[in-house]
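To start, the structure itself, in structure tokens.
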2 protein chains.
Amino acid sequence: MQPTKTDRALPLALLRARETVMSPIRKVLKDHDVTDQQWRVLRVLHENGLMDAKELAQSSCVLAPSLTRIIKNLEEKTMLTRRADGKDGRRVLLQILPLGAQLIESVTPEVQVVYQGLNDKYGTQKMSDLLDLLHDVVELS
Amino acid sequence: MQPTKTDRALPLALLRARETVMSPIRKVLKDHDVTDQQWRVLRVLHENGLMDAKELAQSSCVLAPSLTRIIKNLEEKTMLTRRADGKDGRRVLLQILPLGAQLIESVTPEVQVVYQGLNDKYGTQKMSDLLDLLHDVVELS
DNA sequence: GCAAACTAATTAATATGTTAACTAAGTTTT
DNA sequence: AAAACTTAGTTAACATATTAATTAGTTTGC
């Protein structure tokens, strides 16, 4: 069986698209000393309030072992707090702290500028279509 | 400025979609002791023949420092060869070896089965549309 | 021709990805 | 209630991502 041409392979296409989008955003995040994973974790936590580690890992698309390290790191920077769940001793509850929320709020405008530029060049309708199609891919699992 | 809801953020959507697609494929690759990065590198090399490291890195969406280590690893497994370019002493020329090509050819059918299942569930037309939209994203850079 | 600027690749340092093994806490079975 | 099973989180080991610095080779400008 012949391999699919690499430029029509979905995983590589997704990766290339992601690199295109993330590259300029990463620069912004870098200026604020945040990695994109830390950024995802903080954004999800900012959006959802109190969460346990499993929810947070799934929502932010970070694996559990990575999240453990990221949490440790962000906790040391007082960006978030970590405490055991009283009802279920296995769970760890996470909550964003003012410093974390402040980071989100100060970096977001810069990131939005990049998104907006992307959106203008790409087209709002196409962007919406793309997001819908991507959402459908995730639904398959 | 309010952050974009994380479920409509393009980078996260791309990442989630990629995870959905890659998860079953990774299992296949794991059974053959190949990481997905090594797989990408070998596939691109198999498709394109002789390439220098820079081309290979760009085409396979791997950063140069990672490629250096991946090449070292694959070279030790005699999956590919590495030699200096006679005309430009800075460049390194890579070529796939029979063992590498054999790996591609033996793993590809299994990967294709996964792709096919995905394609059947998702729809060929939608898949094609998605690939086109993703391609257009990359064109923006 | 040669120094400056540039380019390809590697190395270094830190963070994350990935799988497996492990610990602790909770749930189910009998 | 104790054993077996399950689940959440962590730790471990290795591979890759990311940026910066370094090395070696090439090209440019004067």
Side-chain angles (χ1 to χ4, degrees), chain A residues 11-12 14-16 18-19 21-42 51-77 79 82-94, chain B residues 11-12 14-16 18-19 21-42 51-77 79 82-94:
Chain A
L12 199 47
L14 289 165
L15 193 55
R16 285 173 177 152
R18 188 174 144 74
E19 271 316 294
V21 176
M22 278 309 296
S23 181
I25 293 176
R26 227 190 306 273
K27 286 178 189 166
V28 173
L29 299 181
K30 179 70 182 171
D31 290 340
H32 294 267
D33 286 306
V34 203
T35 67
D36 56 338
Q37 291 85 351
Q38 293 169 349
W39 176 247
R40 289 206 303 274
V41 166
L42 284 175
M51 302 177 80
D52 67 44
K54 191 184 181 187
E55 288 177 297
L56 181 53
Q58 288 174 344
S59 299
S60 59
C61 232
V62 165
L63 293 177
S66 298
L67 185 58
T68 296
R69 289 176 296 220
I70 291 170
I71 287 172
K72 183 185 172 189
N73 196 327
L74 292 177
E75 202 182 9
E76 287 170 356
K77 293 178 182 170
M79 297 279 193
R82 195 192 97 107
R83 69 170 198 273
D85 183 341
K87 296 174 185 173
D88 187 338
R90 296 168 300 183
R91 289 174 196 275
V92 169
L93 297 180
L94 292 321
Chain B
L12 199 47
L14 289 166
L15 193 55
R16 285 173 176 151
R18 189 175 143 74
E19 271 315 294
V21 177
M22 277 309 296
S23 181
I25 293 176
R26 228 190 304 273
K27 287 178 189 167
V28 173
L29 299 182
K30 178 72 181 170
D31 289 339
H32 293 269
D33 286 305
V34 204
T35 67
D36 56 338
Q37 292 85 351
Q38 293 168 348
W39 177 247
R40 290 205 303 275
V41 166
L42 284 175
M51 301 176 80
D52 67 44
K54 191 184 181 187
E55 288 177 295
L56 182 53
Q58 288 174 343
S59 299
S60 59
C61 235
V62 166
L63 293 177
S66 298
L67 185 57
T68 296
R69 289 174 297 225
I70 290 170
I71 287 171
K72 183 186 172 190
N73 197 326
L74 292 177
E75 202 182 7
E76 287 169 356
K77 295 178 182 171
M79 297 277 194
R82 194 193 98 107
R83 68 168 200 272
D85 183 340
K87 296 174 184 173
D88 187 339
R90 296 168 299 184
R91 289 174 196 274
V92 168
L93 297 180
L94 292 321

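All chains are named by letter (A, B, ...) in the order of the sequence lines, taking the proteins before the strands, and each is independently numbered beginning at 1. Computed from a predicted structure; not experimentally measured.
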- Where the side chain of B:Leu63 is concerned, which of D:dT18, C:dT16, C:dT19 is the nearest nucleotide? D:dT18
- Please work out if A:Ile70 contacts a base, only the sugar-phosphate, or nothing of the nucleic acid, heavy-atom cut-off 4.0 Å. sugar-phosphate
- Just compare D:dT10, C:dT11, C:dT18 and give me whichever is closest to any side-chain atom of B:Arg26. C:dT18
- Query: Taking for each residue the nucleotide of DNA chain C bearing the nearest heavy atom, is the 5' side occupied by A:Gly89 or by A:Asn73?
  - Reply: A:Asn73
- On DNA chain D, check which nucleotide each of A:Lys30 and A:Ala53 is closest to and give me the residue with the more 5' one. A:Ala53
- Query: So, is B:Ser66 close to the D:dT16 phosphate, meaning a side-chain N or O under 4.0 Å from OP1 or OP2?
  - Reply: no
- Gap between atoms CZ and P, on A:Arg69 and D:dC14 respectively (whole Å): 14 Å
- Query: In whole angstrom, what separates B:Gln38's CD from D:dA17's C1'?
  - Reply: 15 Å
- Quick one: closest heavy-atom pair of B:Ala53 and B:Leu67, and the distance? O-CD2, 3.2 Å
- Within the pair A:Thr35 and D:dA17, is there a side-chain N or O less than 4.0 Å away from OP1 or OP2? no
- In whole angstroms, how far is the P atom of C:dT23 from the CG atom of A:Asp88? 20 Å
- Please state how far atom CZ in B:Arg91 lies from atom P in D:dT23, giving the value in whole angstrom units. 22 Å
- Residue met sooner reading DNA chain D from 5', once B:Pro65 and A:Lys54 are mapped to nucleotides: A:Lys54
- Spell out, as yes or no, whether a donor-acceptor pair under 3.5 Å connects the side chain of B:Arg16 to the backbone of A:Ser59. yes
- Going by modelled atom types, is there a donor-acceptor pair between the base of C:dT7 and the side chain of B:Arg90 at under 3.5 Å? yes
- Note on the structure: For A:Asp33 and A:Lys77, the nearest pair of non-hydrogen atoms, with its separation, is O-NZ, 4.0 Å
- Query: Using 4.0 Å as the upper bound for N to carboxylate O, is an ion pair formed by B:Asp88 and B:Arg90?
  - Reply: yes
- Identify the heavy atoms of B:Pro24 and B:Val21 that sit nearest to each other, and give their distance. CD-O, 3.4 Å
- Task: Would you kindly give the CG-to-P distance between A:Asp33 and D:dT19, to the nearest whole Å?
- Result: 12 Å
- What's the NZ-C1' distance between A:Lys72 and C:dT16, to the nearest Å? 14 Å
- Query: Just checking B:Lys87: base, sugar-phosphate only, or nothing, at a heavy-atom cut-off of under 4.0 Å?
  - Reply: sugar-phosphate
- Message: Just the rounded figure in Å: distance from C1' of D:dA8 to CG of A:Asp85.
- Response: 11 Å
- Message: If I take atom CG in residue A:Leu29 and atom P in nucleotide C:dA15, what distance separates them, rounded to the nearest angstrom?
- Response: 15 Å
- Message: D:dA17, OP1 or OP2 - any side-chain N/O from A:Gln37 closer than 4.0 Å?
- Response: no
